[in-house]
Structure formats: C-alpha cells, structure tokens
Amino acid sequence: LGDMAVDSPIGANAAMKAAESYEKQGKITLAVRNYDKLLTKYPTSDLRQEALDREFAIGSDFLGGKKRTVLGVFKIKRYAEGVRIMEKITDHAGIETSIGTNAPIMVAEHYEKRGKFNEAYLQWREISSQWQIGQVGKGSLLGMARCIYAAYNKNPEHKRAFYDASGLRTAKTCYLRFTLLYPKEAQEIGAEEILKEIDEQLAQKN
C-alpha cells in the first residue's frame with residue numbers, strides 16, 4: 001500500500017505525533033512539514049483542524065517576528081516562512097472557511113505593519129475578490145484603499161507629483177466605493193477629507 005491509506009487514522013496519528021515532537025524540540029520547519037503531511041495525505045482525519053490550528057499559531061508567531069538562530073550566532077526573523085505557512089493554510093482549508101480567510105488577512109496586516117503597502121494592497125485585493133460583502137468584504141475594501149494610498153504617500157513629498165498617478169486613482173475608486181457602500185463607516189474614518197486630499201494630489205499632475 002506504499003505509505004498508508006489516505007484515510008488511515010494510524011498515518012494521521014503518526015504525522016501528528018511527529019509534528020508535536022519536532023515542535024517541542026524547537027524544530028519548527030520539520031513540525032510544519034509533518035502538519036502539512038497530515039493535511040495533504042489525510043484530509044478527512046479527525047486531527048485535521050488541530051493541525052490547521054497549530055500551523056496557524058506557528059505562522060502567527062513568524063509573522064509577529066519570531067526569530068531563528070543561524071550558525072549558532074545570527075538571529076533572523078522568519079517573515080517569509082510565516083507568509084508561506086498562511087498560504088498553505090488557505091490552500092488546505094479553503095478561503096470560504098474561517099481559518100482559511102483569517103490566514104490571508106494576517107498576511108495583509110503583517111505587510112501593512114511593516115510598511116510594505118504594495119504587497120498589502122495586493123493581498124487585500126485578493127481577499128476582496130473572494131469576499132465582496134460582509135465584514136471581510138468591508139475590511140478588505142478599506143484595506144485596499146488605505147494601502148494603495150499609503151504606498152503613494154510613502155514617496156518623498158517633494159517628488160510625489162512626478163510619480164505615476166495610477167495608485168492615486170485606484171485609491172480614489174476604492175474610497176468612493178467604500179463611501180457608497182458604508183457611509184457611516186466612511187464618515188468615521190474621514191473618507192471625505194481623504195478624497196479631497198487625493199483630488200488635490202491629482203490636480204498637481206495636470
């Protein structure tokens with residue numbers, strides 16, 4: 001039978017025990033590899049949700065700045081690993097599930113906190129393409145507007161007029177849509193003033 005039957009509880013239990021053992025030893029990469037093995041080979045296992053939850057916790061730690069030691073001396077942050085783990089969680093769980101949605105949201109918020117506004121915008125846009133309504137839809141639309149505008153304003157102020165205006169136009173579209181769909185929330189964040197600022201910046205390009 002090769003490895004083990006796809007629905008084998010024995011195989012799933014073995015993968016979980018190996019993952020837990022590696023995690024306790026601090027061998028997180030090997031732990032994640034075994035959680036992935038469980039999720040890939042034994043998708044109907046009763047341990048599936050537990051594996052997803054453990055991966056999410058590890059990914060959250062990495063996005064939060066958890067470091068690893070290299071060559072016994074240097075400590076480096078594991079942001080990229082955290083992003084990959086969250087992507088795998090969405091692949092395993094599906095974007096329609098709670099954890100499958102929370103994973104890319106964590107990535108978007110992570111990029112935004114680090115000032116990687118273009119990456120954050122793309123992540124919010126991907127979420128928005130799947131969730132156009134509800135709390136997630138509202139949050140992702142605002143995230144798109146906020147990040148694409150922040151990306152433009154990250155440029156030195158005295159040089160902004162020389163940069164491509166496409167980001168400004170996209171930000172304006174997003175804020176206008178947000179104002180149309182969520183007028184109360186738009187008022188709370190001062191969307192009208194933000195739109196005025198955007199129009200002033202666009203006028204400088206004429």
If every non-hydrogen atom of [X] is compared with every non-hydrogen atom of [Y], which pair is closest and at what distance?
{"X": "Glu112", "Y": "Phe117", "value": "O-CE2, 3.7 Å"}
{"X": "Asn34", "Y": "Ala15", "value": "CB-O, 3.6 Å"}
{"X": "Tyr35", "Y": "Ala19", "value": "CE2-CB, 3.4 Å"}
{"X": "Ala151", "Y": "Asn118", "value": "CB-OD1, 3.5 Å"}
{"X": "Tyr149", "Y": "Ala171", "value": "CB-CB, 3.8 Å"}
{"X": "Ala165", "Y": "Leu202", "value": "CB-CD2, 4.1 Å"}

State the [atom1]-[atom2] distance between [X] and [Y], to the nearest 0.5 angstrom.
{"X": "Ile99", "Y": "Thr90", "atom1": "CD1", "atom2": "OG1", "value": "9.0 Å"}
{"X": "Leu168", "Y": "Glu197", "atom1": "CG", "atom2": "CD", "value": "11.0 Å"}
{"X": "Arg146", "Y": "Leu141", "atom1": "CZ", "atom2": "CG", "value": "10.5 Å"}
{"X": "Glu109", "Y": "Asn102", "atom1": "CD", "atom2": "CG", "value": "9.0 Å"}
{"X": "Trp124", "Y": "Cys147", "atom1": "CH2", "atom2": "SG", "value": "7.5 Å"}

Quiz item: Ignoring hydrogens and geometry, is there a side-chain-to-backbone donor-acceptor pair from Ser21 to Lys17 under 3.5 Å?
Solution: no
Quiz item: Just by modelled atom types, is the Lys37 backbone N or O under 3.5 Å from a matching donor or acceptor in the Thr40 side chain?
Solution: no
Does the side chain of [Y] come within less than 4.5 Å of [X]'s, by heavy atoms?
{"X": "Val136", "Y": "Gln130", "result": "no"}
{"X": "Glu50", "Y": "Glu20", "result": "yes"}
{"X": "Glu55", "Y": "Asp36", "result": "yes"}

Under a 4.5 Å side-chain heavy-atom rule over Ile, Leu, Val, Met, Phe, Trp and Tyr, are [X] and [Y] clustered together?
{"X": "Leu52", "Y": "Phe56", "value": "yes"}
{"X": "Leu142", "Y": "Leu176", "value": "yes"}
{"X": "Tyr111", "Y": "Ile85", "value": "yes"}
{"X": "Ile89", "Y": "Ile105", "value": "no"}
{"X": "Ile95", "Y": "Val83", "value": "no"}

Give every donor-acceptor pair under 3.5 Å between a side-chain atom in residues 177-194 and any protein atom, sequence neighbours left out.
from	atom 1	to	atom 2	distance (Å)
Thr179	OG1	Tyr175	O	2.8
Glu185	OE2	Lys138	NZ	3.0

Practice problem: Report the C-alpha separation of Phe62 and Ile28 in whole Å, then their side-chain angles, then the decisive distance to 0.1 Å, and conclude whether the side chain to side chain contact (heavy atoms under 4.5 Å, CB included) test is met. | Solution: CA-CA 10 Å; Phe62 288 172; Ile28 306 301; 3.5 Å; yes
Quiz item: After noting the C-alpha distance and the side-chain angles of Val32 and Arg84, does the key distance pass the side chain to side chain contact (heavy atoms under 4.5 Å, CB included) rule?
Solution: CA-CA 11 Å; Val32 170; Arg84 286 195 295 271; over 6 Å; no
Exercise. Begin with the C-alpha distance, continue with both residues' side-chain angles, and end with the deciding distance and a verdict on side chain to side chain contact (heavy atoms under 4.5 Å, CB included) for Ser129 and Glu126.
Key: CA-CA 5 Å; Ser129 70; Glu126 178 64 24; 4.1 Å; yes
Quiz item: Which residue, Met106, His110, Gln123, forms the side chain to side chain contact (heavy atoms under 4.5 Å, CB included) with Met86?
Solution: Met106
Quiz item: What residue among Leu38, Leu47, Asp46 forms side chain to side chain contact (heavy atoms under 4.5 Å, CB included) with Asn13?
Solution: Leu47
Quiz prompt | Glu96, CD atom: more than 12 neighbouring heavy atoms under 6.0 Å | solution = yes
Quiz item: Going by an N to O cut-off under 4.0 Å, is there a salt bridge joining Arg114 and Glu119?
Solution: no
Quiz item: Which is it for Glu81 and Ile58 under the side chain to side chain contact (heavy atoms under 4.5 Å, CB included) test, yes or no, and what are the steps along the way?
Solution: CA-CA 10 Å; Glu81 290 178 76; Ile58 292 170; over 6 Å; no
Quiz item: Which residues pass the salt bridge (Lys or Arg N to Asp or Glu O under 4.0 Å) test with Lys172, sequence neighbours left out?
Solution: Asp199
Exercise. List, by chain and number, the other hydrophobic cluster members for Tyr22, where Ile, Leu, Val, Met, Phe, Trp and Tyr join if side-chain heavy atoms come within less than 4.5 Å, directly or indirectly.
Key: Leu30
